[in-house]
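Starting off with a structure, shown below.
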Amino acid sequence: MRYAVLLAAAAGLSAQSLQFDFTSAAPAPGFRHAAPGARYTEETGYGFEDASPGPSYFSVRVPEEGNYKVTMTFGDSAADSVTTIKAELRRLMLEHVRVPAGKVETRSFLVNVRTPKYPGGEVKLKERERTFEARAWDNRLTLEFTDAHPAVRTVAIEKAAGVPTVYIVGDSTSTDQPREPYNSWGQMLTRFFKPGIAVANHGESGESLRGFLGENRWAKILSLVQPGDFVLIQMGHNDQKEEREGGGAFTTYRDRLKRFVSDAREHGATPVLITPVNRLTFDAAGKIANSLGDYPDAVRQVAREENLALIDLNAMSKVFYEALGPQEGHLAFAGDDHTHHDDYGSYELAKCIVEAIRQAKLPLARYLFDTPPFDPAHPDSPAKFDIPAEPQANGERPYGQ
């Protein structure tokens, strides 16, 4: 009987526009009332995930994986409001939507939802992906409402077919990190794009090019990628640690990188290579010492040989860290970690990537939104950074160093 109820609920959700009203018990036609504190259940297919104080996590079961357009209205009839929205696993979508009392604002963005299976196979998920990172792989679209006075009035979700997608191939420095104090440029990048393009972050902690192939992550992307899509590739940290006899930056790593490039092109996508971001390794002179061996240069070489766009995040992160200096460089990193970034550091690195996209005049640049020029030699002040953090801190250290 319960199975029949679930099937009926799923059919109802897939047949109707997914529209929710958070302010009225008698919503407009086509909208469902989302009562405060109403918990998510499989029977309803929507509701709040967590009743704990702090941000609200509202989830909606979607009928299939893919890109979804989310349109939200904001405003409080009695007070000024400010709302920040994150999606899925802490992807920043909207930053500080400020609405005066009695006014209403409408904003839209695209969210990518994915599941592990693909025709003929399945991604080999790590234990962390099956537990506290499960939100990145389930069949729900999860929205986080946060900030000083969040005021969400309505949410409407609809399938966004035919829009281009940016796929991220990467490691722990680009993945959607599940908990504070860790964050990555991949989960901040979403904030800088217009709602005409989606970001599908397939980066994962501990990954290398070899692991990405062996765990079917690349096969998963190739099952989805379409002509007109983009594939951002940033690896190197863990490839460096996997070196075996006969392997290295200019041999096995270079060959695998060329395979990824060739595969993406065969599917009509535009590959973009990103040099691996620097670690926090100041020398006695206050300069960042290279800790990544020949891997950044191998990426640069492949970009030249394949006539590819290159985002030199290795060079830009060096300038960024040195601008902060040995005394404040740690403010871009998670605690005493010298590899993984915090919210501020990943936000600034996402700005580096956006600036490189603009300077390279990539077709991707036309989708950029609210992105004034950025110079990593003059980063934003860490003291003024105010993106709301999650209350769930002390996250498990990501794989990889």
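Because the structure is predicted, anything quoted here is derived from the model rather than measured. No hydrogens, no waters, no symmetry mates; every other heavy atom, side chains included, goes into these values.
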**OP:** Flag the pair Asp312 and Lys318 as a salt bridge only when some basic side-chain nitrogen lies within less than 4.0 angstrom of an acidic carboxylate oxygen.
**Re:**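 No, no charged N to carboxylate O under 4.0 Å.
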
Original post:
Nearest 0.5 Å, what's the NZ-CD distance between Lys86 and Glu390?
Top reply: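 These two atoms lie 3.5 Å from each other.
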
Original post:
Are Asp21 and Arg153 close enough for a salt bridge, meaning some N to O gap below 4.0 Å?
Top reply: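 Salt bridge absent between Asp21 and Arg153.
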
Original post:
With ring centroids as reference points, do Tyr347 and Phe192 lie under 6.0 angstrom apart?
Top reply: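 Distance test on ring centres: under 6.0 Å, yes.
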
Subject >> CD1-NE2 distance between Ile85 and His96, expressed to the nearest 0.5 angstrom >> reply: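 Answer rounded to 0.5 Å: 12.5 Å.
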
**OP:** For residues Tyr40 and Phe58, establish whether the separation of their ring centroids is below 6.0 Å.
**Re:**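 Ring centroids of Tyr40 and Phe58 are no less than 6.0 Å from each other.
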
**OP:** Inspect the contact between Glu65 and Lys117 and indicate whether a charged nitrogen and a carboxylate oxygen are less than 4.0 angstrom apart.
**Re:**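 Answer for the salt bridge query: no.
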
**OP:** Spell out, as yes or no, whether a donor-acceptor pair under 3.5 Å connects the side chain of Asp283 to the backbone of Gly286.
**Re:**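 Yes, Asp283 side chain to Gly286 backbone: donor-acceptor pair under 3.5 Å.
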
**OP:** Give the minimum heavy-atom separation between Thr146 and Pro55, together with the two atoms involved.
**Re:**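 Heavy atoms of Thr146 and Pro55 come nearest at OG1-CG, 3.8 Å.
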
Original post:
Do Phe333 and Tyr321 have ring centroids that are under 6.0 Å from one another?
Top reply: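 Yes - the distance between ring centres of Tyr321 and Phe333 falls below the 6.0 Å cut-off.
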
Original post:
Is it true that Glu242 and Arg210 have a side-chain N and a carboxylate O under 4.0 angstrom from each other?
Top reply: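 Salt bridge present between Glu242 and Arg210.
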
Original post:
Hey, does the side chain of Asn290 reach the backbone of Leu292 with a donor-acceptor pair shorter than 3.5 angstrom?
Top reply: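 Side chain of Asn290 to backbone of Leu292, a donor-acceptor pair under 3.5 Å: yes, one is there.
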
Subject >> Ionic contact status for Arg217 with Glu129, cut-off 4.0 Å >> reply: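 Salt bridge between Glu129 and Arg217, a charged N being under 4.0 Å from a carboxylate O: yes.
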
Subject >> Salt-bridge present (Glu305, Lys258; N to O < 4.0 Å) >> reply: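 Answer for the salt bridge query: yes.
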
Subject >> Side-chain ion pair, Arg128 and Glu133, N-O less than 4.0 Å >> reply: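 Salt bridge between Arg128 and Glu133, a charged N being under 4.0 Å from a carboxylate O: yes.
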
Original post:
Would you call Arg259 and Asp255 a salt bridge, using N to O less than 4.0 angstrom?
Top reply: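 Looking at Asp255 together with Arg259, the answer is no, because their closest N to O distance does not fall below 4.0 Å.
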
**OP:** Taking Arg90 for its side chain and Gln177 for its backbone only, find out whether a donor-acceptor pair lies under 3.5 Å.
**Re:**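 Judged by distance alone, yes, a pair lies under 3.5 Å.
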
Original post:
Which pair of non-hydrogen atoms, one from Val166 and one from Leu364, has the smallest distance, and what is that distance?
Top reply: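 Closest pair (atom of Val166, atom of Leu364, distance): CG2-CD1, 3.6 Å.
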
Original post:
Should the pair Arg191-Glu95 be classified as a salt bridge under the 4.0 Å nitrogen-to-oxygen rule?
Top reply: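 Salt bridge: yes.
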
**OP:** Starting at OG1 of Thr251, measure out to CZ of Arg256 and round the result to the nearest 0.5 Å.
**Re:**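 So the OG1 of Thr251 and the CZ of Arg256 are separated by 8.5 Å.
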
Subject >> Electrostatic pair Arg61-Glu42, nearest N-O below 4.0 angstrom >> reply: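 Yes, charged N to carboxylate O under 4.0 Å.
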
Subject >> CG on Leu110 to NZ on Lys69, rounded to 0.5 Å >> reply: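 Going from the NZ atom of Lys69 to the CG atom of Leu110 covers 8.0 Å.
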
**OP:** Compute the ring centroids of Phe145 and Tyr57, then answer whether they are less than 6.0 Å apart.
**Re:**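 Ring centroids of Phe145 and Tyr57 are no less than 6.0 Å from each other.
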
Original post:
Does Lys159 make a cation-pi contact with Tyr68, if we ask for NZ or CZ under 6.0 Å from the ring centre and within 45° of the axis?
Top reply: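 Verdict for Tyr68: a cation-pi partner in Lys159.
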
**OP:** For the residue pair Phe20 and Tyr46, categorise the inter-ring angle as parallel (less than 30°), tilted (30 to 60°) or perpendicular (more than 60°).
**Re:**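 Answer is tilted, since the angle falls between 30° and 60°.
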
Original post:
Can you find a side-chain donor-acceptor pair between Ser184 and Ser174 that sits under 3.5 Å?
Top reply: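 Not at all, the side chains of Ser184 and Ser174 share no donor-acceptor pair under 3.5 Å.
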
Original post:
Is a salt bridge present between Arg140 and Glu49, judged by a nitrogen-to-oxygen distance below 4.0 Å?
Top reply: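 Between Glu49 and Arg140 there is a salt bridge, with a charged N closer than 4.0 Å to a carboxylate O.
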
Subject >> Partners passing ring pair (Phe, Tyr, Trp, His ring centres under 6.0 Å) against Tyr167 (at least two apart in sequence or in another chain) >> reply: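 For Tyr167 the ring pair (Phe, Tyr, Trp, His ring centres under 6.0 Å) partners, ignoring immediate neighbours, are His202.
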
**OP:** Not counting sequence neighbours, which residues clear salt bridge (charged side-chain N to carboxylate O under 4.0 Å, His left out) with Arg91? List them please.
**Re:**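 Scan of Arg91 (salt bridge (charged side-chain N to carboxylate O under 4.0 Å, His left out), adjacent residues dropped) gives Asp176.
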
Subject >> side-chain contact (heavy atoms from CB on, under 4.5 Å), paired with Ile274, selected from Ile168, Leu232, Ile233 >> reply: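 Of the listed options, the one satisfying the test is Leu232.
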
Subject >> Side-chain heavy atoms of Glu348 within contact of Pro376, under 4.5 Å >> reply: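 They are not in contact (no side-chain heavy atoms under 4.5 Å apart), so the answer is no.
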
**OP:** Say whether, by atom type as modelled, one donor and one acceptor occur between the side chain of Arg39 and the main chain of Gly47 under 3.5 angstrom.
**Re:**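 It does not hold such a pair.
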
**OP:** Give a yes or no on whether a salt bridge exists between Glu204 and Lys126, defined as a side-chain N under 4.0 angstrom from a carboxylate O.
**Re:**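 Here Glu204 does not pair with Lys126 in a salt bridge, since their nearest N and O are not under 4.0 Å apart.
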
Original post:
Passes side chain to side chain donor-acceptor pair (under 3.5 Å), Asn183 versus Ser346? Steps please.
Top reply: CA-CA 6 Å; Asn183 203 285; Ser346 60; 2.8 Å; yes

